[in-house]
There are 2 protein chains.
Amino acid sequence: MTAHCLPLHEIEARLRAAGIQPTAQRLAICQYVLCQADHPTAEQVKLWVDDHFPKISLATVYNTLNTLAQAGLLRELRLSDRDSAVYDANVSEHFHFVDEATGRIWDLEPTAIDVRPALGEGFQVRHVDVVLRGTVTTPAD
Amino acid sequence: MTAHCLPLHEIEARLRAAGIQPTAQRLAICQYVLCQADHPTAEQVKLWVDDHFPKISLATVYNTLNTLAQAGLLRELRLSDRDSAVYDANVSEHFHFVDEATGRIWDLEPTAIDVRPALGEGFQVRHVDVVLRGTVTTPAD
DNA sequence: ATATTTGCAAAGCCTTTGCAGGGGA
DNA sequence: TCCCCTGCAAAGGCTTTGCAAATAT
């Protein structure tokens, strides 16, 4: 739920730039995942695409999501207490807040959390995953 | 890998205190998981117990680990890039560092990281998960 | 005696893979 | 034409579940 909808040709350009053939199925998936969806699961992507594209298989959905993630256009997110992965169109560094009641996921700007690992020597940090869990009383954002 | 080995009767007492029957299988599992193991998977627990107990089923291993986790004696940990869960005898609040080369997991004392969520109003944080990933050049701990 | 627990096998869930057919370059 | 992509179904890996036998209180 990063974003403003991208025009189709812009999505197409992005795929090409990443060396990914902009097939009809991939474009359909991208329209949803890159623009409209809010941390959807593969199943949710499938459901949406089923309503907007004649025929697509779940395998293709998975394959496409993996391809996009590998190309850096999408981020796969696996949460401890969730059985299925979700996909995040926000690929810049950020953290997550999970509403324990609804399961809704919010993106947190990196400035919202100060992670300063004071590790022993020899530890080189390449990646930081932060997931906050709790409740939200105001439905705004 | 919290710990010094607990004597058997101490483990037994802990189980009783948690309202868990200290059966032979559970005691065997606890000896490994609470004392000797370092973030093992269920499969690893099974392997160890197979060498120290006549007969145990994988289902019982899973059930026991779940029981222990539910009782707060153990913490189940699911990492994004790992297909199977690992179990942590350290149940106090702490974070994790994953060596991307070896997969080894290190516990980080909570003071090692300063997480200060600057969230909007209405957000109540109940839990913070932090996983650092990177490399370790010195094998010390 | 009654309630738990175990073992085994089967099922479940999410995800990946193999392969033949189809579409794009 | 040639290669990549898709669909389908089957397989795969991890974990849970159902049920009868065994065990604990």
Side-chain angles (χ1 to χ4, degrees), chain A residues 8-9 11-13 15-33 39-47 49-50 52-71 73-87 103, chain B residues 8-9 11-13 15-30 33 39-47 49-50 52-71 73-87 103:
Chain A
L8 246 186
H9 64 81
I11 293 179
E12 207 176 313
L15 290 183
R16 280 194 211 285
I20 301 172
Q21 268 186 43
T23 65
Q25 289 89 337
R26 287 173 174 169
L27 286 172
I29 290 171
C30 282
Q31 277 186 71
Y32 180 61
V33 166
H39 302 96
T41 62
E43 198 63 45
Q44 290 173 316
V45 175
K46 170 93 165 68
L47 288 176
V49 179
D50 275 341
H52 298 254
F53 193 82
K55 224 177 194 178
I56 201 164
S57 75
L58 186 56
T60 296
V61 171
Y62 274 107
N63 290 337
T64 298
L65 292 172
N66 284 341
T67 300
L68 295 173
Q70 223 171 300
L73 297 173
L74 206 57
R75 182 168 157 193
E76 185 187 289
L77 197 60
R78 285 169 192 273
L79 301 174
S80 321
D81 42 14
R82 201 89 112 221
D83 35 4
S84 31
V86 301
Y87 297 84
Chain B
L8 246 188
H9 63 80
I11 292 179
E12 207 176 313
L15 291 183
R16 280 194 210 287
I20 300 172
Q21 271 186 42
T23 64
Q25 289 89 338
R26 286 173 177 169
L27 286 173
I29 290 171
C30 283
V33 166
H39 302 97
T41 62
E43 198 64 45
Q44 291 173 314
V45 174
K46 171 91 166 68
L47 287 176
V49 177
D50 275 342
H52 298 254
F53 192 82
K55 224 178 195 177
I56 200 163
S57 75
L58 186 56
T60 296
V61 171
Y62 273 108
N63 291 337
T64 298
L65 292 172
N66 284 341
T67 301
L68 295 173
Q70 221 171 303
L73 297 173
L74 206 58
R75 182 168 157 193
E76 185 189 290
L77 197 60
R78 285 169 192 273
L79 300 174
S80 321
D81 42 15
R82 203 98 108 212
D83 36 4
S84 31
V86 301
Y87 297 85

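All values derive from a computational prediction rather than experimental measurement. Here is the naming used below: chain letters follow the sequence lines, and residue numbers restart at 1 for every chain.
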> Taking only residues two or more places apart in sequence or in another chain, which ones pass ring pair (Phe, Tyr, Trp, His ring centres under 6.0 Å) with A/Tyr32?
Replying inline: A/Trp48
> Can you tell me how far C1' of D/dA24 sits from CD of B/Glu12, to the nearest Å?
Replying inline: 12 Å
> B/Ile20 CD1 to D/dA24 P: how many Å, rounded?
Replying inline: 17 Å
> Between A/Leu15 (CG) and C/dG24 (P), how many Å, whole number?
Replying inline: 15 Å
> Rounded to the Å, how far apart are A/Phe53 CZ and D/dT6 P?
Replying inline: 9 Å
> Roughly, in whole Å, what's the span from CZ in B/Arg26 to P in D/dT25?
Replying inline: 11 Å
> Separation of B/Leu27 atom CG from C/dT6 atom P, in whole Å?
Replying inline: 10 Å
>> Show, in sequence, the C-alpha distance, side-chain angles and deciding distance for A/Ile56 and A/Ile29, and conclude whether the side-chain contact (heavy atoms from CB on, under 4.5 Å) test is met.
In response: CA-CA 10 Å; A/Ile56 201 164; A/Ile29 290 171; 3.9 Å; yes
> Are B/Leu27 and B/Leu15 close enough that some pair of their side-chain heavy atoms sits under 4.5 Å apart?
Replying inline: yes
>> Without decimals, in angstroms, what is the distance between B/Gln70 CD and C/dT5 P?
In response: 12 Å
> Side chain of A/Arg78, backbone of B/Arg78: donor and acceptor closer than 3.5 Å?
Replying inline: no
> Does any N or O in the side chain of B/Arg26 come within less than 3.5 Å of the main-chain N or O of B/Leu68, such that one atom is a donor and the other an acceptor?
Replying inline: no
> Which residues pass the side chain to side chain contact (heavy atoms under 4.5 Å, CB included) test with A/Ala28, sequence neighbours left out?
Replying inline: A/Val49, A/Phe53
> Which nucleotides of nucleotides 8-23 of chain D have their base under 4.0 Å from a protein heavy atom (B), which only their sugar-phosphate (S), and which neither (-), written as one string 5' to 3'?
Replying inline: BB----SBBB------
> Atom CD of A/Gln25 and atom C1' of D/dC4: how far apart are they, to the nearest Å?
Replying inline: 12 Å
> Looking across every strand, which nucleic acid part, if any, lies under 4.0 Å from B/Arg82 by heavy atom: base, sugar-phosphate, or nothing?
Replying inline: nothing
